[in-house]
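Report on the following structure.
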Amino acid sequence: MSAIPTYDADQLAGILALLPDVDSVELKLTVPDDFQRSVVRVLGIDPLDAVVRQVAFVDTPDLRLSDAGVVLRARRTQRKPGDLTVKLRPAMPEDVPEGYRGHDGFKVEVDASPAGYTCSCSLTVQAPDRKVRRMMTGARGIHGMLDDDQRALLRERMPEDVSPDDLVVLGPVNLIKCRFRAKGYPRRMVAELWAMPDGKRILELSTKAPPAAAFQAAAETKAILAGKGLDLSAPQETKTKAALAALTAPGAG
């Protein structure tokens with residue numbers, strides 16, 4: 001197994017400066033295709049515990065929202081209400097617009113992987129599944145489904161040359177999500193397997209921790225995953241970035 005990656009001094013200083021002002025830290029690892037089946041086996045992930053999800057993104061065909069650091073997302077979850085999210089990424093804690101802290105569904109979070117970390121803020125609200133489904137099929141637009149606070153957050157980075165009429169639905173992407181506990185590991189983990197429209201599959205493992213426990217959680221997670229033979233130095237990619245690239249590739253859809 002290759003060397004376990006470690007953050008350098010600047011990365012450590014940066015994440016230490018963020019922790020007092022974020023709500024949570026999510027540790028993530030994407031697993032290369034060749035190892036996905038073995039990872040499911042060695043971690044004891046039971047696919048029958050999984051739930052089915054659909055995720056769609058809303059952007060311009062040339063991804064001008066994404067380029068501006070905005071993620072506009074709708075999700076459906078098996079036997080649950082849907083939800084809508086406006087996310088600004090990256091977004092440092094000091095950049096959070098006034099009045100959002102403490103809002104139900106709002107969070108400032110650090111996503112950390114062996115490749116580095118990103119801080120973001122997001123506001124998620126529930127929506128009836130039937131309405132989210134209609135939006136995903138193009139029967140209605142997402143802008144009218146957002147609440148006032150989400151629209152205000154979206155305006156923080158909405159490019160001036162983009163209007164709601166320019167936005168299109170990208171997706172949905174189908175995935176399965178499974179919560180599990182690996183033997184010898186004290187935290188609950190999540191496995192998500194995304195089936196991209198180009199035929200690629202992305203398996204992501206993740207766990208969340210409060211900021212005060214972030215470094216302990218990182219050490220425990222690194223130990224259990226490396227101990228199971230996972231290559232923590234494998235190339236990493238975010239699900240959102242990979243999905244948007246696949247959904248807007250020539251011939252997609």
Identify the two heavy atoms, one from Pro61 and one from Asp166, that lie closest to each other, and give their separation to 0.1 Å.
CD-O, 3.9 Å

Between Asp67 and Arg64, does any NZ, NE, NH1 or NH2 come within less than 4.0 Å of an OD or OE carboxylate oxygen?
no

Above 12 or not: heavy atoms from other molecules or residues under 6.0 Å from CD of Glu160?
no

Which atom names give the shortest non-hydrogen contact between Arg89 and Thr118, and what distance separates them?
CG-CG2, 3.5 Å

Nearest 0.5 Å, please: how far is CG in Asp148 from CG in Leu153?
12.5 Å

Starting at CG of Leu203, measure out to CD of Gln36 and round the result to the nearest 0.5 Å.
5.0 Å

Does Arg187 form a side-chain contact (heavy atoms from CB on, under 4.5 Å) with Gln216? I'd like the steps, not just the answer.
CA-CA 11 Å; Arg187 302 176 187 277; Gln216 180 180 347; 4.1 Å; yes

Among Leu27, Leu29, Leu232, Leu230, find the residue that satisfies the side chain to side chain contact (heavy atoms under 4.5 Å, CB included) test when tested with Lys222.
Leu232

Could you check if a side-chain atom of Thr60 sits within less than 4.5 angstrom of a side-chain atom of Leu167, using non-hydrogen atoms only?
yes

Would you say CZ of Arg101 has more than 12 non-hydrogen atoms from neighbouring residues, nucleotides or ligands within 6.0 angstrom?
yes

About how many Å separate CE of Met196 and CG of Leu247, when rounded to the nearest 0.5 Å?
8.0 Å

Got a sec: does the CZ of Arg133 have more than 12 other heavy atoms crowding it under 6.0 Å?
no

Closest approach of Met136 and Pro172, non-hydrogen atoms and distance?
SD-CB, 3.9 Å

CE of Met135 to NZ of Lys131: how many Å apart, nearest 0.5 Å?
12.5 Å

Flag if over 12 foreign heavy atoms under 6.0 Å of CZ, Arg130:
no

Assess, by modelled atom type and distance only, whether the side chains of Gln126 and Asp83 contain a donor and an acceptor separated by less than 3.5 Å.
no

Is it possible for you to say whether Phe57 and Leu63 belong to one hydrophobic cluster, with membership spreading through side-chain heavy-atom contacts below 4.5 Å?
yes

Shortest non-hydrogen contact from Tyr7 toward Ile15
CE2-CD1, 4.4 Å

Other residues, nucleotides and ligands only: do more than 12 of their heavy atoms fall within 6.0 Å of CZ on Arg151?
yes

Answer yes or no: is there a donor N or O on one side and an acceptor on the other, between the side chain of Ser38 and the main chain of Phe35, under 3.5 Å?
yes

Can you tell me if Thr238 uses its side chain to pair, donor with acceptor, with the backbone of Lys241 under 3.5 Å?
yes

Using a strict threshold of under 4.0 Å (side-chain N to carboxylate O), is an ion pair present between Lys200 and Glu237?
yes

Inspect the surroundings of CG in Asp104 and state if more than 12 heavy atoms from other residues, nucleotides or ligands are less than 6.0 Å away.
no

Group every Ile, Leu, Val, Met, Phe, Trp and Tyr by side-chain heavy-atom contacts under 4.5 Å, then state whether Val51 and Met189 land in the same group.
no

Out of Gln78, Arg76, Arg134, which one pairs with Asp129 under the side chain to side chain donor-acceptor pair (under 3.5 Å) rule?
Arg76

Residue of the set Asp23, Val22, Leu18 for which side chain to side chain contact (heavy atoms under 4.5 Å, CB included) holds with Pro211
Val22

Backbone N or O of Val125 within a donor-acceptor pair of the Asp147 side chain at under 3.5 Å?
no

Testing Val39, Thr221, Val190 for side chain to side chain contact (heavy atoms under 4.5 Å, CB included) with Leu205, which one passes?
Val39

Could you tell me if Glu204 and Thr30 have a donor-acceptor pair between their side chains, going purely by distance under 3.5 Å?
no

Pair Ser163, Asp165: side-chain N/O donor-acceptor within cut-off below 3.5 Å:
no

Tell me, yes or no, whether the heavy-atom count around Lys228 atom NZ, taken from other residues, nucleotides or ligands under 6.0 Å, exceeds 12.
yes

Decide yes or no for Glu192 and Ser206: does some side-chain heavy atom of the first lie under 4.5 Å from some side-chain heavy atom of the second?
no

In plain terms, say whether Lys28 and Asp111 are close enough for a salt bridge, that is, a side-chain N and a carboxylate O under 4.0 Å apart.
yes

